[in-house]
**Student:** 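This is the structure I want to talk about, given as structure tokens.
When reading the values below, keep in mind they use all heavy atoms of this one structure, side chains included, and skip hydrogens, waters and symmetry mates.
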Amino acid sequence: MGEKEHIIGLLLGTEEDWPRAFETLVRRLGVIADDSGDTHRLTTRRVTIEPFDLRYKPRHSLVIDRLAYWYYHPREWLKKAALMDDVYLLNSPFTFQSMEKHAAYCAMMRLGLKVPDTVLVPFKNPPDNARYAYTATRYNQPFDLDEVADSLGYPLFMKPYDGGAWVGVSKIRDSAELHAAYDTSGERLMHLQQAVEGYDVFARSLTIGPETMVMRFRPELPMHDRYAVDHDFLTPDAGDEVVTISRLVNAFFRWEFNSCESLVSGTEVHPIDYANACPDVSLTSLHYYFPWAMTALLRWSAFCVVTNRQPRLDTDTRRYFDIGDDPDLSYDDKLAGYRKLADEYFETERYTEFCATRLAHVDEMVHEWVSSPAFDELLLETVRASFPPHEHDRFVAHFRGLLASWVHDNAGS
């Protein structure tokens with residue numbers, strides 16, 4: 001018996017608020033005992049970018065990746081750590097290549113999800129590659145962009161196949177807007193996708209391990225107002241379907257820290273975006289939901305390293321396709337089958353028991369921290385770094401009010 005240390009690596013870009021929050025909670029977590037009597041202590045270390053020997057042995061047990069979806073050098077470091085050293089990664093660098101949406105659309109269409117009809121169109125401008133002109137002359141077929149759009153029907157959306165943060169996304173209402181958006185797309189490869197008109201609600205679900213928070217999302221508002229605090233905006237059946245889709249996507253691709261966007265129209269749930277390598281967890285975006293996100297990330301990280309959960313690089317798609325391809329299964333039957341596979345992948349039952357017996361103090365610990373002057377200082381510093389000086393007082397009051405609501409709602413939880 002003894003104490004084992006587990007280093008949680010944070011591979012970061014520009015964010016500072018949630019990493020500081022996570023680091024604080026890890027320091028406050030204390031030791032965790034396992035069934036054998038050993039104890040485990042988590043520590044954090046921010047990953048730096050530097051030359052690395054492919055045979056060196058990293059000390060990290062787990063790495064939370066927020067950078068490698070666009071920065072290739074750390075992506076290759078993650079691949080080495082996964083292939084050679086069994087370092088647990090959030091998320092898989094093998095299926096999360098530059099937030100590419102295309103494979104996710106294809107897979108989920110085959111599994112029978114109600115993804116709007118989508119067409120991939122060639123580049124507007126040729127890529128900077130000497131071989132492109134020769135290849136295009138021989139093999140690129142001429143096409144009528146208006147015919148493609150007419151086959152989908154207006155309105156529709158044009159969006160990058162590998163985009164994120166709504167960059168390059170345009171709502172297209174007619175031929176003039178279609179050509180204007182396509183002309184400005186340049187060398188970006190674009191999807192055209194049917195719009196879901198008259199939907200009732202836009203749901204954004206954040207999933208970390210086997211935990212999911214479904215939030216009402218208002219994309220037309222500024223980022224600090226997009227997540228509404230609304231606990232009953234979906235029917236139980238629609239809410240359960242959104243959760244199932246979110247966990248299905250993650251289990252299928254081995255993503256364990258991801259967000260999913262769905263449009264809910266009546267009883268129909270249409271997933272429209274569910275490949276987000278760097279899901280939004282900033283304090284000034286999530287506000288009320290920020291403590292939940294930090295708690296879930298802490299619990300899942302602790303579970304993975306303390307139980308020595310082994311990383312799964314194989315995607316095992318055939319088991320999902322066997323369900324999706326079965327003509328005798330109804331849509332509800334397929335969802336139930338996918339949920340079972342997702343729960344199996346995430347070890348949901350074991351995780352729930354682990355949280356109840358090994359991490360029972362975490363909710364109270366997080367509540368105490370969010371109620372403390374230390375958290376308020378983090379909030380103040382984040383607001384000052386995020387908004388112009390003349391708006392500081394307004395936003396400090398705004399976010400303090402939302403977090404005070406969370407503190408009240410979760411007292412004694």
**Student:** Indicate, with yes or no, if the rings of His367 and Trp406 have centres closer together than 6.0 Å.
**Tutor:**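 Yes - the distance between ring centres of His367 and Trp406 falls below the 6.0 Å cut-off.
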**Student:** What's the verdict on salt bridge (Lys or Arg N to Asp or Glu O under 4.0 Å) for Glu197 and Arg173, showing C-alpha distance, side-chain angles and the deciding distance?
**Tutor:** CA-CA 12 Å; Glu197 287 293 278; Arg173 300 169 184 84; over 6 Å; no
**Student:** Please say which of Tyr105, Tyr182, Phe157 ends up in a ring-ring contact (aromatic ring centres under 6.0 Å, His included) with His191.
**Tutor:**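 Answer after filtering Tyr105, Tyr182, Phe157: Tyr105.
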**Student:** With a 4.0 Å cut-off on N to O distance, would you call Arg20 and Glu23 a salt bridge?
**Tutor:**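 No salt bridge links Arg20 with Glu23.
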**Student:** Give, for atom CG of Asp280 and atom CE of Met215, the distance between the pair rounded to the nearest 0.5 Å.
**Tutor:**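 Here the rounded value is 8.5 Å.
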**Student:** Answer with yes or no after comparing the ring centroid distance for Phe387 and His398 against a 6.0 Å cut-off, counting only values under it.
**Tutor:**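 So the answer is no for these two rings.
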**Student:** Flag this pair as yes if the NZ/CZ of Arg218 is under 6.0 angstrom from the six-membered ring centre of Phe202 and inside a 45 degree cone about the axis; otherwise no.
**Tutor:**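 No, cation not above the ring by the 6.0 Å, 45° rule.
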**Student:** Which value, rounded to the nearest 0.5 Å, describes the distance between Phe290 atom CZ and Ser282 atom OG?
**Tutor:**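 Taking CZ in Phe290 and OG in Ser282, the distance rounds to 8.0 Å.
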**Student:** Does atom CD of Glu349 have more than 12 heavy-atom neighbours from other groups under 6.0 Å away?
**Tutor:**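 Open.
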**Student:** Applying the side chain to side chain contact (heavy atoms under 4.5 Å, CB included) criterion to Asn91, which one of Trp255, Phe253, Tyr69 satisfies it?
**Tutor:**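 Only one option passes, and that is Trp255.
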**Student:** Applying salt bridge (charged side-chain N to carboxylate O under 4.0 Å, His left out), can you list everything that pairs with Glu368, at least two apart in sequence or on another chain?
**Tutor:**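 Result, salt bridge (charged side-chain N to carboxylate O under 4.0 Å, His left out) vs Glu368: none returned.
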**Student:** Consider side chain to side chain contact (heavy atoms under 4.5 Å, CB included). Of Thr207, Ile208, Val249, which one does Asn258 pass it with?
**Tutor:**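 When Thr207, Ile208, Val249 are each tested with Asn258, the side chain to side chain contact (heavy atoms under 4.5 Å, CB included) holds only for Val249.
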**Student:** Does a side-chain heavy-atom distance below 4.5 Å link Leu25 with Met365?
**Tutor:**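 Yes - at least one pair of side-chain heavy atoms lies under 4.5 Å apart.
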**Student:** Please determine whether a side-chain nitrogen of the Lys or Arg among Glu261 and Arg204 lies less than 4.0 Å from a carboxylate oxygen of the Asp or Glu.
**Tutor:**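 Judged by the 4.0 Å cut-off on N to carboxylate O distance, Glu261 and Arg204 do form a salt bridge.
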**Student:** Hey, which of Arg384, Arg46, Arg66 is the one that makes salt bridge (Lys or Arg N to Asp or Glu O under 4.0 Å) with Glu16?
**Tutor:**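 Exactly one option meets the salt bridge (Lys or Arg N to Asp or Glu O under 4.0 Å) with Glu16, and it is Arg46.
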**Student:** Salt bridge (charged side-chain N to carboxylate O under 4.0 Å, His left out) with Asp35: which residues, sequence neighbours excluded?
**Tutor:**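 Scan of Asp35 (salt bridge (charged side-chain N to carboxylate O under 4.0 Å, His left out), adjacent residues dropped) gives Arg358.
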**Student:** Under the criterion ring-ring contact (aromatic ring centres under 6.0 Å, His included), which of His390, His224, His287 is the partner of Phe395?
**Tutor:**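 Among His390, His224, His287, the one meeting ring-ring contact (aromatic ring centres under 6.0 Å, His included) with Phe395 is His224.
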**Student:** When rounded to the nearest 0.5 angstrom, what distance separates CD in Glu15 from CG in Leu283?
**Tutor:**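 Between atom CD of Glu15 and atom CG of Leu283 there are 13.0 Å.
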**Student:** Would you give me the side-chain donor-acceptor pairs under 3.5 Å for residues 115-124, sequence neighbours excluded?
**Tutor:**
| residue | atom | partner | partner atom | Å |
| --- | --- | --- | --- | --- |
| Thr118 | OG1 | Pro116 | O | 2.8 |
| Thr118 | OG1 | Gln193 | NE2 | 2.9 |
| Lys124 | NZ | Asp183 | OD1 | 3.2 |

